[in-house]
Every structure is written in structure tokens, then in C-alpha cells.
Amino acid sequence: MDLKYNPEEEKFRTEVRAFFDAELPTDIRTKLQLGRRISKEDMVRWQKILFRKGWGAVNWPKRFGGTGWDIVQQHIFEEERADACAPPQNPFSLKMLAPVMQTFGNAAQQEYFLPRILSGDDWWCQGYSEPGSGSDLASLRTSAVRQGDHYIVNGQKTWNTMGQYADWIFCLVRTSSEARPQQGISFLLIDMKSPGITVRPIIMLDGEHEINDIFFDNVKVPVQNLIGEENKGWTYAKFLLTHERSGNAGIGACKRALKKLKEIASEQTSNGRPLIEDSRFRDRIAQVEMELMALEITNLRVLSATAKAQGTLGPEVSVLKIKGSEIIQQLAELKMHALGHDALPYVREALEMGWAGNPLLSSHYRSYAPPISGQYFNQRKTTIYAGSTEIQKNIISQMILGL
Amino acid sequence: MDLKYNPEEEKFRTEVRAFFDAELPTDIRTKLQLGRRISKEDMVRWQKILFRKGWGAVNWPKRFGGTGWDIVQQHIFEEERADACAPPQNPFSLKMLAPVMQTFGNAAQQEYFLPRILSGDDWWCQGYSEPGSGSDLASLRTSAVRQGDHYIVNGQKTWNTMGQYADWIFCLVRTSSEARPQQGISFLLIDMKSPGITVRPIIMLDGEHEINDIFFDNVKVPVQNLIGEENKGWTYAKFLLTHERSGNAGIGACKRALKKLKEIASEQTSNGRPLIEDSRFRDRIAQVEMELMALEITNLRVLSATAKAQGTLGPEVSVLKIKGSEIIQQLAELKMHALGHDALPYVREALEMGWAGNPLLSSHYRSYAPPISGQYFNQRKTTIYAGSTEIQKNIISQMILGL
Amino acid sequence: MEFNYSEEQLALQETLQRFISRDYDFDKRRKFSASSLGYSAEAWTQYAELGLLSLPYPEEFGGLGGNAVDIMLVMEQFGQGLLLEPYLSTVVTCGGLIRDAAPTPMKQKMLPQIAAGELKLALAAYEAAGRYDLSYVGCTARESGGSWHLTGRKTVVLDGASADHYLVSARSSGGTGDRDGISLFLVPRDAKGLTVAAYPTQWGARAADLKLDEVTVGADALIGAPGRALPIIERAVDRANAALCAEAVGIINALNQATLNYLKTRKQFGVAIGTFQALKHKMADMLIAAEQSRSMAIIAAVHADSQDAAERHRAISAAKAYIGQAGRLVGQSAVQMHGGMGVVDELIVSHYFKRLTMIDLSLGDADYHLANFSDTLRQAVSSV
Amino acid sequence: MEFNYSEEQLALQETLQRFISRDYDFDKRRKFSASSLGYSAEAWTQYAELGLLSLPYPEEFGGLGGNAVDIMLVMEQFGQGLLLEPYLSTVVTCGGLIRDAAPTPMKQKMLPQIAAGELKLALAAYEAAGRYDLSYVGCTARESGGSWHLTGRKTVVLDGASADHYLVSARSSGGTGDRDGISLFLVPRDAKGLTVAAYPTQWGARAADLKLDEVTVGADALIGAPGRALPIIERAVDRANAALCAEAVGIINALNQATLNYLKTRKQFGVAIGTFQALKHKMADMLIAAEQSRSMAIIAAVHADSQDAAERHRAISAAKAYIGQAGRLVGQSAVQMHGGMGVVDELIVSHYFKRLTMIDLSLGDADYHLANFSDTLRQAVSSV
């Protein structure tokens, strides 16, 4: 039991930090620092830089072109990434689809798709939720009917994140309705350029376009785009969800947000004095920081126990998902409250990089202010998506506690 | 809509306060002030004083010898009672049994029992819970079998409060097991001197004897001691529970406890300065005070709406029960924390009035300190008894929200 | 004590409910918000016709002589309907301030104009570095030749985009943060040297920042004695906070109703999600929060007209703090229980949530008011 | 980084688990607590035999050279078994202090005695009016003729009833509340002028108040430089708090296990109460609190031996605050879910609850440590 980083780990951190210092484009870094909109082009450009360094996939084994890093290395990388204000990589391909493909996909799929994910050539999105199937995912209805060497897909997916950018989508589809709902689900890879696909934006409560409805109208999908076996998709889906949740502790992002919060609380003033001098506000920061200190260790304990047992991730990741999402929400809430009055304006243009005007006449309305209330509103999603907090507690009580 | 007391109400308050000033025995007042044990004799003595004044039952209609006061008057009386450190009256007879007896009892029962309750001649306790029937009260098993003009009662009641003092107990008993569990329950009045009754103390977590197991071994109960109809007891039981909960907001007691908390926080010091000067501790007090301010009005709103509709109390009392019990617990917790180190000693003798020693060498260990930690432990019961918070939320979601 | 509303009050409530369902449904509101004005000029005219704009003024100035409980009922409906019009700023905050503290000629001139829907006002009392502290006034007022000259900046003036006049606090003596030395002026929007920068708010209304550069007003623009305006401003802000409490209660109840409906209709795992005990209990918590919040809004309302400044301030801070916290619980829970439907623009739920959040952040958030209230406890005890 | 325990550590844990189940079940504990000593002398002897009493000392003083993680494992079992013996005071707090700061002759004399179970110590560092502030020292130390004369009072000395010696803080210069001027003395229980008033604690152990009336000790009783003892005391109290964190984690896990068993076996409405979703979710919250608390106890342990006083103090305050809060959640929830069975003396649940509550109140409660931790954030930011 030792929480100190050993010399190799420290050396690794130095290397990672130096890389971010040297290679992260300034324009992208600035957008992230200020909470401005980032584009697909920004994210792809960054993925290609990582790929050139050989760091295209920090969570993949070496044999698929990943870094093969252990969990402490991955933790350090993520911490430094967030601190450097580098964009997160596309999680749908790297952290969700890839583990499924590596475990259950066939060689042809692995050989074709994985390199294109690594290089940033393909943008993937996720087709899980449907209007009637949120928490109750197994009730999904989008159908895939086998016709010769194709499936014909019909239905609707929703809460699709960044699908407006996507080249490909991986979908859960119903290939049988005979047995239990879980037993008739398959896992399909669908080319977004296929005829019959319509993407309709959904505007979030913060006014931003980040999610979509996706409609499938007799979309033809080659059978070789089936992952694993037909009607076994539920197994792969659960595997994927566990991986998704394991990333949801988001320690790096939380640490970055905490640092930002402290900066804001040092710059904002109350009665002319820095807000952080107010013990009441400072105590609220302290309360979240304590929670985050604990979660960082809990996260590493869970992941290292899994790694040690060479096992797959278990229901313990639900603990990480619950706490991680709560912490990021609390930090967003505190950042908003730190602003006081300045949280009230809603200036859409100010979210675009390069917009030079100060919407308010007050020099006090700083560059970090415009996105902050929207971030608070937006972050309410984190306890809803990837299995709501209620679903995670069901998992804990059933799978860990045996209730 | 007006929250000010009108002149008649103010005059009434003055009268009540003057009465407490004049008539409340000093020894009893001091015990309550310091949180020392009070005896049955203390409580009976006080009931007899109230009875002589005509205030033996503040919640009864005049025709049964009650005061006939409206809800604002009752509220004022309770507030002044708590503030004066007068003991609460026996709730089992006055607030639980009496409304049932007045509504469902026969004339003979009313004429015999009610005056003896008023005068303090009979001490009543409650026989509801059983070891297997806590929240699920309807599953009770204590049986009453009709034999001629008696019932023969067998079984066990538990969580019986102050039954060691009781002359009488009112019990829910099973008189039929044929239909639904609720349909075979009857409401019986049982003389505690009946052969076959055994009272066994249960020691609470604070080391005090306040509750008991009561065993019934072929106890003979005359049939005239049945309230209402046989097998209709569940109706009376629910009626009683609603009345019980309506008293559980305990605004008077909460206000008194809040005042005490502020006194303690003014006398205890942190680094030599009064604890209440510490904004962190003061904020915690403020938080509970706000909750109590709101509950006082919620309580009066619920009770006055009921009175206005001349209706019976409804599920809204569950709101009062939940909040009232939480507040009294929070106040107990804060009082304990105000003590700091002084919360650690457990000096049983100090809970007895007249014990003169100071268990600690510190003059700082004040007379109010000895009972406070025990009160915190003991008050955990308030969210459990009379329908736990979980049960109250079930009631709210079912009866008010229609879920 | 009396816990019932009068028949007039119930009629007022009903009128507003009818108005909202007929003329101010969610789609209409969306259009009003998207318009350049950010609210409905037509609705404003209707408020004038309904007497809402003259509600709290004495009859001698053409008012209806209503009290703070009447305002509470109106503001609760503003919450229910998410009404965007500058009622709070014009009628409650500034109109009320003029009623209480302005010289008679100003009352005689302005109150009837407000009542007729011809005049809108906004309070410009906060400055950026002061956060919620009304005594933090850096804007200066210099008297010379019978006129006052104002220079400085005012931040996030609620309803500031559409106001015809501003009530501006400025320092005529003392230093930033002093309670004494603050004066209050009526400044017309077209005053020379005044720049108004308007912008939308998170809830779709419009606010503004003001820049004053040697803005000159006459002696008749002064409200209250020079240097003595802070208590007047505090009283107006207390009253505004009481009104915000009522608006928040309207939203809390609307969110609870929407959530309850969703729990009864949304199905997952083959059953309505309202059958899950965890959600039932959360809904029960929301109901409790709503009842307690209503009690606090009543406390705030009945204190809003109180002459005892300390007691008024204490009660209203307690109410605003409590409702800020309760609103957070209800807003966040309502969004959470709506799942994905809670975080999209399409449903009214997220709009309720945003407005409720921003009510907390307006005129002092829960922490600010908790501190206010808490600090009064020190004095309270010394007298026990 | 390394998250596993060594084999020796796992063996130590297992040894203690066996000891508890064999020699220290709940009925035995009740008897030990009721005895005049308030703990088991026999158990103390066994601890000596098991090497627990020499665990954290260097080998040159007869110790096993264990570290703070070893102590964490031991203290966790003290929680699980609700062990009453004065291990924390004697071995961790005072023994550790002597190891770190006492003159070599004192170490040579006392550490082997502790290891052999022949010597018990208690720290007398708090005074009544100071609450949790260790710098609030009114007790005076006057030097004269090569001796020190101590006068004053010390409050709620943990394990003070059975101690053979006390480590007493006293002021040799400066004023009450000054960080400088505090000295630390080894005072034998039978010293002339020392009155020990012992009493039971809420968790069934024994504490004491001390009154010192011109108690005279020699120069060799001094630990650390005169007037410079506060950092030494703070280090010992930090370490004690880290140990309390571990004990609390042991209790939290025991309470969770007991509650989970109860949920699975207690039936109401014809089913196990663990089938109710509201209780399932509360149990999930308790599990999360337990995992997070364990992480915090680890953080506290690995910092307990740190030389960086500021960083050590910051981390341990965070842990103690967090675990104080989490313990409240778990303790109150465990009692609540046990219903009536949670509030009676008969089951161990209420005893766990009481000890957990009192751990929070010992050596600084959650609010005190939150304030400590929070106050460090001011410095942290200025360097960002």
C-alpha cells in the first residue's frame, strides 16, 4: 500500500506533460480553457497528433496498436490531459466500441476498423437509447431483419451524442422478438452514409446541439457488420456499458474543474474581496475536494484490483460512475455560484472562439464566465446518461450487495 | 392570510404563561430544564394541576371535559408548555386513545374512562407493535379468543413506552385470521393488573429504561372492553395513527430545543470564544431554524385547513411527522456537537436530580451537559416510531401523490 | 392568525390562471422570449387592464391598495406560467420603492404611468465587484449647481433592457462599502452619458449593464435624503426577494406537477416509473420541499411590508435561502426523474429548472441569505 | 503506486480477526466494559504477545518497525471488534510521540515497557475552554531549581483512567492560544499534586480529567525543547486521527454488514425488507460511503508518517472530516434500517453507532477538520 508515484511513474508524467506542452495546438487549448465550442475538426486534428506519437489509444493493448499502459499510467495521462486542456478523445470508438470489437469482433473487423479509429479517420457514434428505451434498454425496438447477406434496419435511436459528425454508428438492434427481450438483440455496425439514415438535431437545455435523433428507414447493412453472434448483442452491450462507466469517474476532468473553480473563486470578489476568502464558499469547495480526493483513490483501487485479478470490470464501476458524475455536477454548480450575478446573462455568441466583444460593460465579466451556467445545466445529464444514478444503485444493490 | 396573533390570541398566551409561571412545580421544571429523569409521579402531579385548572385535555372537545380550544390556541399552549419546561402530558391516553374512544367508543366506556384520564387517575400505555410487526402492523399476531363474556388474550407486544407505570393498556389484537390481515383486528382495553401480564424492561441505547416487552398469557378481558365492533379495529388503529402523527411535528419542543441549543452554543467556547461566534457552527443552527420556521407555518396550515373543512386529519400529517422528527434529531445532534469533548463522558448518576457531584474536574462541564449525548442517541427513535420516515413517504406517495 | 385567502385574492389567482392557459402557453412564451423585446408587449397591456400594474399602490395614486400577499399570489402565477414581463422590476421593486420613499410629485407622476402600462423601471443597485452587497457602491454622485452628476457602472440590471427609467444607486459621500453616503436617483434611459448594454438572460428575458459617464439629473431626481438611500434600497430588495420566493414556489409546484405526471405515464421495464419506490420517495421529498417552501414564501410575504427593518430582513433572508435550497432539490430532482427528457430544450421542464436556478442567483443566492440570517443569530442569543 | 497489502499485513489482519471471534465477542466485550477497568487486562497481555504493542517502534527499541499502514489495519480491527483497550492512546499517540520526539533515554526506558504491556500512557493536551484547539493551553509550567512545576486542568483525557503516565501540555511562556510557549511533560500518575477524576465514556471505555496543583517533575520529564512542543503534539494528534479514521472504517464496514444481514432476514409485508428499493438504494449509499471512507483512511495512513507537517495535517484533516460525515450517514442509516432493533442496547448495532459517533467527536469533529482543511485552500490558490 503506497500512494506515492514511483520514479518511473514520475518520469512518465514528465514525458506526458512535455508532449502536451509541445504538441497541443494553442487554439484548441484556448478553447478548452475558456469553455468555448470545439469542432469535430479540432478533435480529429488532436487524435491524429496523438496517433503519430503512438498514443492514439491509451486504453488498448499493444497488439491492437494501443499503448498498453497500466492503470496508473492511464490515470497519469488523463490527469495531464485534463490539466493541459487537451480535448478528450472520442469515447464511443476508443472506450466503448473498441473493447467490444477487440473481445467479440472477428479478425476482419478488427483489422479494418481499429486502425481507422486509431488514426482518426473514422468518427463513431453510439446507437443505444430509443425514445421508449432509456433505463430499460432491453426493451429497444429498432429492428434488423435478415435479407440475404444484408440486414434491413428500421427504427429510431435517440440521445445520440455527436452523431452529426459520425462516419459510423454502432447500434443495438432487435433481430428476434421471440424470447426474453434481452435474447433477441444484436450488435451492428452501420455506415452513416447508408441511404435511409436521417439525423435530426435535439437542442439541449443549454441551447447547444450535441445530441440527435437518428432515424433508420430500410437501411441496408451487410451481415459482415454484425459483431459476434446474432441475438447475443445483450452480452456485448453490458460489457460495453461497464467499460463506459469505468471512464465516468472522470478524475482528470474533475481535478481540472476543481482547479478552475479555485481560480474563479480567487478572481471573483464579494464586497471587493476575493470570494475564496469567504469561509462559507471555501467550505463548499473543500467539501467537494474531499470527495474527489477519496474518489481518486477509490478509482485506482477498483481498477488496480481488476488489473491484478486480470479480470473484467465488475459492478464496482457503478460506485465510480455515481460519485464521478455527482462531483462534476457539484463543481459546475459551484463555478456558477461563484459568478453571482454574472451567471445570469446568456450570450450565445460568446461561446464561439474569436468573438471579441464583451457582452457586458463590466470589465469584471471575465472571459471564463459565458459558458459556465450552461455547463451547469448541461452537466445534469451526467447522472442520467450511461445508466442513471438510480440504475447504478440498482446494480450495486443487486450485484454487489445481493439484494 | 395573516401570521400575526390577534389580540385574543395574545391575551390567551399571557394567561397560559402566567399559569405556568404560577403553577408548574419548581422541582419538575428544573428536571426538564436540565434533562434529568422525570418520574411517573412528576407527570401525574402535573396532570392533576392541569386538571384542576380545567386544562386536563387541550385537544378534547368541551363535552368530554376538554378545553375545546382551536388549533391556534393549542399551538400557543404547546409552545408555552415547552418553553416553560413543563412535562408533556401522557400522549397515549390523551392524544391517541381518547380520540378513538370519543369517536368509536360507547357511552359507558366514555363515561368511565375519559374522566379518569383527565384527572390523572389512570395511566395508559399502548399495545400496538409486536416483534414481527413493526412497519407492517397489520401482520400482528397477539390473539384474543372469545370465551363467553371475556376474551382470552395471548401474545407479546413490544416497544411499549412507559408501560412499567401503566394502569391500562389499549391493544390491537387478532380476533380473526380468516380474511385479509387488516380485517381480523380488534381494539381492546386491558387492565394491566390482570393476571397473566408480564412487563419486561428493554434498555434503550442510551442506557435508559423507557420501553418494554409486554407478555400476555391467557389474560382474561371482559367483552365490554372492546372498542367499537369486533374485527373493525384496523379502522380505529389508522385513525389513531393519524392523530399520533399530527402531534409529532412537536413545534413547541423543537422551539425549546433550538433555544437551548443557542444557549449552549453561547456558553461553550472554542479557543476561548463563544462557539456561536463561529460562523460555521452558527450556520448549522441557522439551517435548522429555517426548517423549523417553515414547519411551524406548514403545521398550522395543515391543521387549520383540516379544522376549516371540519374534516379528519389526512395524510398531510405525514409531512409534519417526517419534518418534525428530523428537526428534533438535528437539534439533538447540534447540541451534542456543541459540547465537543464534553459529549464523551457517560455519567449515569448525573441524570438523577439531586446528584450534586461534578463528574469532571472541569468547571466548564456544565449542568446541561450530562444528558445531551444520550438524548441524541435516544432521539434516533423519532424517525422510527409512529410510522418510520419510510412508511410516511409511502403514505405520501400513495395517498397524496397517487403513486 | 388566519391561513385563508380572501375571495378577491382567489379571484385574482383564477384570472391569472385563465390568462396563462389562454394567452401564454409554452409555445407562445417561446416566441415572446425569442422576440427582440424578450417578452410580450400585449401581455403587459393586459396586465394593465387586469389591474395588476396598479395592485400594490394606494388608491390616492390610482392603485388598488393591495398588499404583499396579493403580490405573492401574482408572482406565484408568474412562476407557473414562466411569464417574462418586467413585473417584478417595474411594479414590485421600483414601483414599491417609489410608493414608499419617493417625493410626492414623483409618486403622482409615475405611479399612474406604471399602472397604465406606460412606464417600465429597473433597479440598478449592484456593481460587479460587490457581488450581492448593496453597500458596495463605487458609482459616484457629485452635486454641483443644483444638479447631480453620476459616473460609474452598474451590473446585471434585471429587466434593464426595456426600462424607461432606472433607479441608480450612487455614492455621494463615504467610501465603497460604507452604509452611509449612498444616494438614489431616477435616471431616464435617454439621459446623456448613459450607455445601456442589453443582453438575454439564461431564462430568456433581457437584462442590461449600465455605464454612466457624467450623467446629469436634477435635484428632483433624488429619492430619499442624500447619502441615506441604503435602507430604502434594502427595503425594495427585500420586497423583491419575497416576490422571487413566491415566483419560485409557483415553479416548484409546476415542476412537481410535471414530474408527477411523468412518473405516472412514462413506462420502463413494463411499468410506470412511478411504481419504483426510490422515485416515489424522491417525489415525496419534493412535495415536502414544496409545502415548506410555500410556508416560507408566506412568511416572506407577510414580512415584506413590515416596518421593522431588522425583522423583515431576517425573515426574508431566511425564506430566500430556504427556497434557494429547496428549489435546487426540486429542480435537480425533476430533471433527474425526467431522464433525457429533462435536459432538452423541447419540454418546459428544463425552462422551469433554469428559471428556478436563476431566481436563486438573483438578488442574493441561498448562501448569501443564509449568512445574513445566520449572522442575526448572534444578536438573538445575547438577549436570551 | 501500490494498492495491495503485504503478506505480513494480511496475516496480522487475520490474527486479529481470529482473536476477536474467539476472545472478544459482543458478550465478552460487554463484560469488559462493565468491569472497573473498562477493558480486558488479559487482552492487553495478548496484544503484547502478538507484538501489537511494539508494532510501530524501531527495532533498536525492541519494536517491529511497522508503519502507519500496519496501524491502520490494527485499528480497523479495533473498530470491527469494538475493542476497548487503550491501544490508541498508549501505542499510537503517546508511544509514537515518544518514538519521534522524546530524548533517547526516555525512549530506551519506555518503549520496551510499552511493548511488554507494562506501561500505559495518555495524552493530556486539551483544555475545556479551548474545544479542539491544541494551542489553547492555560495550564502553566514554571521552571525553578532544575525542576518544572505544573498547575492547571486537562479535560477528557482519553484512556486517562488507566494510564500510568500522562503526557501533559503546559505553557512555559506566552499567552493562552499562542502557538509558541507550549512545553510537554511526562507526568507519572502518582505525582504529588495530581488529581485524576475518572469516568466512563459513552462507548463504555474510561476517560479522566486531570487537575495539576504544583505538580513537580524533573528536567528529564521534558519532551522536546521548552516552548516548542506544539508541533510534536500536533503530529501525535494527526497520527491519532489517522488511526481513528481506520477504526471508524472498521465500524462502518461492520455496520454495513450487520444492516445488510438484517435487510436480508427481517420480513415485513411478507417479504424481506431488503426487497424495498428505497432501502436498497440507501444500502448502496452506505456501501459507497464505506468505499470512499476506506480511501480516505488510506490517505490518512500514508500521510501519518510524513515529515511535511502542512501536507500531513491537511490530508488527515480531510480524512477525519470526510469519515466523520460518512460515519454519521452510515451510523444513522444503519440504526434507521434496523428500526426498533437499532435503538436498543441489546444488539451490537447501537454500540457501533455510539462509538462511531464518539470517534467523530474525539480529537476534532468533522466541522473542525473541515475548517482546517478548508483554510488550507486559501494558500493553495494563491500559488496557482
Side-chain angles (χ1 to χ4, degrees), chain B residues 129 131-139 158-159 202-208 211 268-273 275 278 280-281 284 329 333 336-337 339-348 350 358-365 373-374 376-381 383-385 388-390 393-394, chain D residues 126-133 135-136 153-156 158 176-177 195-197 199-204 207-211 266-270 273 276 278-279 328 332 335-346 349-351 353-354 357-358 360-362 365-368 370-371:
Chain B
S129 292
S133 310
S135 293
D136 180 15
L137 188 56
S139 69
T158 191
W159 316 130
I202 299 174
I203 302 304
M204 288 283 281
L205 80 172
D206 59 352
E208 297 297 297
I211 54 173
Q268 293 291 122
T269 56
S270 171
N271 205 353
R273 288 175 51 215
L275 185 60
D278 173 354
R280 286 162 167 129
F281 195 82
R284 303 217 185 268
Q329 287 181 344
E333 186 170 332
M336 177 178 72
H337 276 271
L339 293 186
H341 303 288
D342 289 351
L344 273 51
Y346 172 64
V347 187
R348 278 205 96 211
N358 182 346
L360 278 66
L361 292 172
S362 161
S363 61
H364 195 79
Y365 188 79
S373 294
Y376 166 70
F377 296 135
N378 182 285
Q379 293 297 313
R380 300 316 303 172
K381 73 188 176 192
T383 49
I384 295 169
Y385 69 28
S388 70
T389 295
E390 289 78 11
K393 289 186 183 174
N394 285 349
Chain D
Y126 292 107
E127 299 188 11
R131 200 169 161 90
Y132 295 122
D133 195 320
S135 72
Y136 193 91
R153 288 164 197 260
K154 293 289 164 179
T155 198
V156 192
L158 297 176
T176 312
T195 312
V196 177
Y199 42 81
T201 64
Q202 293 286 347
W203 63 95
D209 273 28
L210 303 189
K211 187 175 166 203
R266 167 74 173 174
K267 293 210 163 126
Q268 291 280 272
F269 306 103
I273 60 173
F276 295 111
L279 302 191
R328 239 176 274 181
Q332 293 177 354
V335 167
Q336 181 72 20
M337 290 211 264
H338 274 84
M341 297 308 291
V343 290
V344 294
D345 179 74
E346 186 186 333
V349 170
S350 68
H351 297 261
F353 172 57
K354 290 200 283 185
T357 302
M358 292 296 147
D360 180 20
L361 284 154
S362 300
D365 67 0
D367 278 3
Y368 171 82
L370 173 63

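In what follows, every chain begins at residue 1, and chains take the letters A, B, ... in the order their sequences are listed.
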Distance col, row B:D206:CG vs D:Q202:CD, nearest 0.5 angstrom, shows 9.0 Å
Is there a side-chain contact between D:D367 and B:R284, using heavy atoms and a 4.5 Å cut-off?
-> yes
Contacting region of B:R348 [heavy-atom separation from chain D under 4.5 Å] | neither
Heavy atoms only, distances under 4.5 angstrom: which of D:A208, D:G339, D:G270 has the most pairs with chain B? Name it, please.
-> D:G339
Do you know the tightest heavy-atom contact between D:G342 and B:L205?
-> O-CD1, 4.2 Å
Could you tell me which portion of D:D133 (side chain, backbone, both or neither) has an atom closer than 4.5 angstrom to a non-hydrogen atom of chain B?
-> side chain
Side-chain donor or acceptor of D:Q268 paired with backbone N/O of B:G132 under 3.5 Å | yes
Here the pair of heavy atoms bringing B:I384 nearest to D:G340 is CG2-N, 3.6 Å
Rounded distance [0.5 Å steps], CD in B:E390 versus CG in D:L279 = 6.0 Å
D:K354 side chain to B:F377 backbone, donor-acceptor under 3.5 Å | no
In terms of heavy-atom contacts, D:R266 and B:P131 come closest through NH1-O, 2.8 Å
Could you tell me how the ring of D:Y126 sits relative to the ring of B:H341: parallel (under 30°), tilted (30 to 60°) or perpendicular (over 60°)?
-> tilted
Segment of D:T357 engaging chain B (4.5 angstrom heavy-atom cut-off) = side chain
Region of D:A278 that comes under 4.5 Å of a non-hydrogen atom in chain B | neither
Smallest heavy-atom separation, B:A343 atom then D:L361 atom, equals CB-CD1, 3.9 Å
Side chain to side chain, D:Q332 and B:Q329, heavy atoms closer than 4.5 Å | no
Residue B:S129 versus chain D: region with a heavy atom under 4.5 Å | neither
Apply salt bridge (charged side-chain N to carboxylate O under 4.0 Å, His left out) to D:R131 and list each qualifying residue two or more places apart in sequence or on a separate chain.
-> D:D365
So what's closer than 4.5 Å to chain B heavy atoms on D:I273: side chain, backbone, both or neither?
-> neither
So do D:F269 and B:S135 actually touch side chain to side chain, heavy atoms under 4.5 Å?
-> yes
If you count heavy-atom pairs under 4.5 Å between each of D:H351, D:R328, D:H338 and chain B, which one has the most?
-> D:R328
Could you tell me the separation between the OG1 atom of D:T176 and the CG atom of B:N271, rounded to the nearest 0.5 Å?
-> 9.0 Å
Is there side-chain contact between D:K267 and B:D136, with at least one heavy-atom pair below 4.5 Å?
-> no
Among B:K393, B:K381, B:R273, B:H337, residue most engaged with chain D (heavy-atom pairs, under 4.5 Å) | B:H337
Check: B:L344 and D:L158 side chains under 4.5 Å, non-hydrogen atoms | yes
Where on B:L137 is there a heavy atom nearer than 4.5 Å to chain D: the side chain, the backbone, both, or neither?
-> neither
Top residue by heavy-atom pair count (under 4.5 Å) with chain D, among B:I202, B:I211, B:L275?
-> B:L275
Between OG1 on residue D:T155 and CG on residue B:D342, distance to nearest 0.5 Å = 5.0 Å
Of all of D:S135, D:G130, D:S350, which one pairs up most often with chain B through heavy atoms under 4.5 Å apart?
-> D:G130
Would B:T383 and D:Q336 count as having a side-chain donor-acceptor pair, cut-off 3.5 Å?
-> yes
Residue pair D:F353 / B:R380, side-chain heavy-atom distance below 4.5 Å = yes
Work out which heavy atom in D:V156 is nearest to a heavy atom in B:P345; give both atom names and the distance.
-> CG2-CG, 4.5 Å
